[in-house]
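Accompanying notes for the structure given below.
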Amino acid sequence: MEIDSLRKLYVEELKDLYSAEKQILQALPKMAKKASNTQLKAAFTEHLRQTEQQVQRLEQIFEALGKSPRGKKCKGMEGLLEEGKEVMQEDMDEETRDAALIAAAQRVEHYEIAAYGCAITHARVLGLEEVADLLEQTLVEEKHADERLSTIAEQEVNSSALHVTL
Ligand code: FE
Ligand code: ZN
Ligand code: FE
C-alpha cells in the first residue's frame, strides 16, 4: 500500500466522520425530545454535549492537517438516521418508542465505533500519534454511550415495553 493513497483514504475517512457527527448533532435534540424515559432523555442530551466536543476534535485535526473538513456526506449515517425516523413515524406507545429510539441510537454508535476504530488504526500507521490519541478519546465516549444505552434498555425500557403487551 502506498503511503500517499493511505493518506488520501485517511482524510476521506475523517471527512466522513465529520459529516456523520454533524448529522448526529441535528438528530440528537429531536431524539431527546421524543424520548419519554428520563434516563434516556438525559443520555441523549449528554451525548449531544459530547458530540459537540467530538466535532471540535475533528476540526482541530483538520486544522493541523491544513485541510477542510467539508465536502463529503456520510451516506451511512444519513441512511441510519432515515431508518430511525421511519420507525418513529409509526403509531407507538411511549415505551415502545423508547425501545425503538435506543435501537436506532445503538446502530449510530456502532457505526461510529467501527469508523473511529479504523481511523485510529490508520492514524497510527501514518505515524500521527497525537491525532490517534484525540480520536481515541472520542472512541471511548462512543463506547460508553453505547453501553449506557444497553443498560437503560435492559433496566428500564425493555421491561416496561413488555408490560404494555402483557
Ligand atoms: Fe460521535
Ligand atoms: Zn459514513
Ligand atoms: Fe456517538
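Numbers here are sequence positions counted from 1.
Atoms CD and CD, from Q39 and E46 in turn, are 10.5 Å apart once rounded to the nearest 0.5 Å. One finds the CD atom of E12 at 6.0 Å from the NZ atom of K72 (value rounded to the nearest 0.5 Å).
Minimum heavy-atom separation, G84 to A104: CA-CB, 4.0 Å.
No continuous path of ILVMFWY side-chain contacts below 4.5 Å connects M77 to V87, so the two sit in separate hydrophobic clusters. In the hydrophobic cluster analysis, where Ile, Leu, Val, Met, Phe, Trp and Tyr join through side-chain heavy atoms closer than 4.5 angstrom, V55 is grouped together with L17. Following chains of ILVMFWY side-chain contacts shorter than 4.5 Å, one cannot reach I152 starting from M92, and the two form parts of different hydrophobic clusters. Both F62 and L6 are assigned to one and the same hydrophobic cluster, defined by single-linkage of ILVMFWY side chains at heavy-atom distances under 4.5 Å. Linking Ile, Leu, Val, Met, Phe, Trp and Tyr residues whenever their side-chain heavy atoms come within less than 4.5 Å places I102 and L48 in a single cluster.
Within the 4.5 Å cutoff, no side-chain heavy atoms of K85 are placed close to those of M88.
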Donor-acceptor pairs under 3.5 angstrom involving side-chain atoms of residues 121-128: please list them, not counting sequence neighbours.
{"from": "T121", "atom 1": "OG1", "to": "G117", "atom 2": "O", "distance (Å)": "3.0"}
{"from": "H122", "atom 1": "ND1", "to": "E13", "atom 2": "OE1", "distance (Å)": "2.9"}
{"from": "H122", "atom 1": "ND1", "to": "E13", "atom 2": "OE2", "distance (Å)": "2.9"}
{"from": "H122", "atom 1": "ND1", "to": "C118", "atom 2": "O", "distance (Å)": "3.4"}
{"from": "R124", "atom 1": "NH1", "to": "E129", "atom 2": "OE1", "distance (Å)": "2.7"}
{"from": "R124", "atom 1": "NH2", "to": "E136", "atom 2": "OE1", "distance (Å)": "3.1"}

Show me the side-chain donor-acceptor pairs of residues 21-31 shorter than 3.5 Å, one per line, residues at least two apart or across chains.
{"from": "E21", "atom 1": "OE2", "to": "Y116", "atom 2": "OH", "distance (Å)": "2.6"}
{"from": "Q23", "atom 1": "OE1", "to": "E78", "atom 2": "N", "distance (Å)": "3.2"}
{"from": "Q23", "atom 1": "NE2", "to": "S19", "atom 2": "OG", "distance (Å)": "3.2"}
{"from": "Q23", "atom 1": "NE2", "to": "C74", "atom 2": "O", "distance (Å)": "3.1"}

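A donor and an acceptor atom, one from each side chain of E142 and H47, are located under 3.5 Å apart. Using modelled atom types and a 3.5 Å distance limit, the side chains of H144 and E141 yield no donor-acceptor pair.
Electrostatic pairing of D146 and K143 does not count as a salt bridge here, judged by no charged N lying under 4.0 Å from a carboxylate O.
Just one residue in the list R57, E112, Q54 forms a side chain to side chain donor-acceptor pair (under 3.5 Å) with T138, and that residue is R57.
Every side chain to side chain contact (heavy atoms under 4.5 Å, CB included) that A35 has, sequence neighbours left out, goes to L40, K41, F44, D98, L101.
Other residues, nucleotides and ligands contribute over 12 non-hydrogen atoms within 6.0 Å of the CZ atom of R148. Heavy-atom neighbours of E59 CD from other residues, nucleotides or ligands within 6.0 Å: above the threshold of 12.
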The test is side chain to side chain contact (heavy atoms under 4.5 Å, CB included); show your working for L135 and L14 and say whether it passes. CA-CA 10 Å; L135 296 173; L14 290 182; 4.1 Å; yes

